[in-house]
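The shown structure was predicted, so the numbers you read here are calculated from the model rather than taken from an experiment. Note that ligands are numbered from 1 as they come in the structure, with each ligand's atoms numbered from 1 the same way. Side chains included, hydrogens not; waters and symmetry mates left out as well; all remaining heavy atoms used.
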Amino acid sequence: MWKFLADEHPVGKENAASLYRTGFLKAKTANTLKDSRVCDPLSIQQSRQCDNTMLQEHFDQGSPQDLNYPNRWPDEGVLPGFREFMENWYEKMEAAAGRLMEALEEAFQLPPGSFLNKMTHEKNASEARLLHYPAIDMAEIKQGGVSRIWPHFDLGVITLLFQDGVGGLECEDRTRSDKFLGVGSNSQSEMVVNVSETLQRWTNGSVPAGLHRVTVPKRFEERGCGMVPERFSVTYFCKADRDANVGALPQFVSNGCPAKYEEMTAIEYHQSRLKSAY
Ligand SMILES: O=C(O)CCC(=O)C(=O)O
Ligand SMILES: [Fe+2]
């Protein structure tokens, strides 16, 4: 996981902060939380236990170009400016993700486009999500039956994430697999970048995906009991084009390091992961 401060990414303070509560509550008021997209098989993230034991609600948004699974927007008269604001934000996230992937191509000395040709603007299958975790009694989470999000890997290429100041996001400590480290937020416009499974596959395991979860923030856990306040976060799940190959790039395969992952398209991969999750 990497972190970028507001001044270092093109999304901007204003956009990030106003999206949490305002964006989410607007989507909720307009009753667009459920079915905010026409059922996209890629819209569900892999999770170890993805069912009603996860206490969250969210608004999902795909690319405006995606005519196969179009977004469903509230009438302009109901929420003036909401669609325009969200589409503008999506565009900024797409640009930010593109710049990061370009930097990674350069860092690995790959021919330009090695990653980006598989993540085109025209076929963008990425998804933006406004998340809300309602306030919950800590005892409920401690009993183990429910969570804000169970430990999971995201399926796309990278995930860009903004969170409010409540906390609770944790990533696995790779030196000790039973331990998770808190991913705090020093500023609400700080952007967290998490590696997802497709990047791990493209790089033949050189850049491993980050296992992460959202649970009781440490400072509340220390109190032992009581309510954990509601939490808002915003994500951009940057994904490969549905027809892009998610096998390892040839530059990461050698006699000493044979291909670890089967070649298939992103949509085939996502569907196989979702099948194994249920
Ligand atoms: O809300 C967060 O901080 C994490 C969300 C997340 O991991 C997900 O939706 O896949
Ligand atoms: Fe995630």
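- The Fe ion (ligand 2) sits nearest to atom OD1 when only the N, O or S atoms of Asp154 are considered.
- Heavy-atom contacts of Ile149 reach the following atoms of ligand 1: 5 (C), 6 (C), 7 (O), 8 (C), 9 (O) (cutoff under 4.0 Å).
- Within a 6.0 Å sphere centred on CG of Asn255, other residues, nucleotides and ligands contribute 12 heavy atoms or fewer.
- For Arg231, the closest heavy-atom approach to ligand 1 falls below 4.0 Å.
- Counting only N and O atoms by type, the side chains of Asp154 and Thr159 include a donor and acceptor under 3.5 Å apart.
- Less than 4.0 angstrom separates some heavy atom of Leu161 from each of these atoms of ligand 1: 2 (C), 3 (O), 4 (C).
- Residue-ligand proximity, Tyr133 to ligand 1, at heavy-atom distances under 4.0 Å covers atoms 1 (O), 2 (C), 4 (C), 5 (C).
- Within ligand 1, counting atoms from 1 as listed, the ones closer than 4.0 Å to a heavy atom of Val214 are 1 (O), 2 (C), 3 (O), 4 (C).
- For ligand 1, one of its N or O atoms has an N or O atom of Ser233 under 3.5 Å away.
- Across all non-hydrogen atoms, the minimal contact from Tyr90 to Ala128 is CD1-CB, 3.9 Å.
- Below 4.0 Å from some heavy atom of Phe237 lie the following atoms of ligand 1, by number and element: 8 (C), 9 (O), 10 (O).
- Contacts between Arg213 and ligand 1, counted as non-hydrogen atom pairs separated by less than 4.0 Å, are absent for every part of the residue.
- Looking only at atom types and distance, the side chain of His121 has a donor-acceptor partner in the side chain of Gln65 under 3.5 Å away.
- Under 4.0 Å from ligand 1, the heavy atoms of His152 that appear belong solely to its side chain.
- The angle subtended at the Fe ion (ligand 2) by NE2 of His212 and NE2 of His152 is 90°, given to the nearest 10°.
- Between Phe108 and Phe115, the angle of the ring planes goes over 60°, which puts this pair in the perpendicular group of the 30/60° scheme.
- Neither the backbone nor the side chain of His58 has a heavy atom within less than 4.0 Å of ligand 1.
- Judged by distance alone, with hydrogens and angles left aside, the side-chain atoms of Gln200 form a donor-acceptor pair with the main-chain N or O of Ala209 at under 3.5 Å.
- Between the side chains of Glu94 and Tyr236, no donor N or O sits under 3.5 Å from an acceptor N or O.
- Judged by distance alone, with hydrogens and angles left aside, the side-chain atoms of Asp241 form a donor-acceptor pair with the main-chain N or O of Thr120 at under 3.5 Å.
- Contact annotation for Asn194 and ligand 1: no heavy atom of the residue comes within less than 4.0 Å of the ligand.
- With no hydrogens or angles considered, no side-chain donor-acceptor pair links Gln56 and His132 at under 3.5 Å.
- Residues Asn71 and Gln61 have side chains that never bring a donor and an acceptor to within less than 3.5 angstrom of each other.
- Within the listing of ligand 1, atoms 3 (O) sit less than 4.0 angstrom from a heavy atom of Leu169.
- His212 counts as a contact of ligand 1, since one of its heavy atoms falls under 4.0 Å from the ligand.
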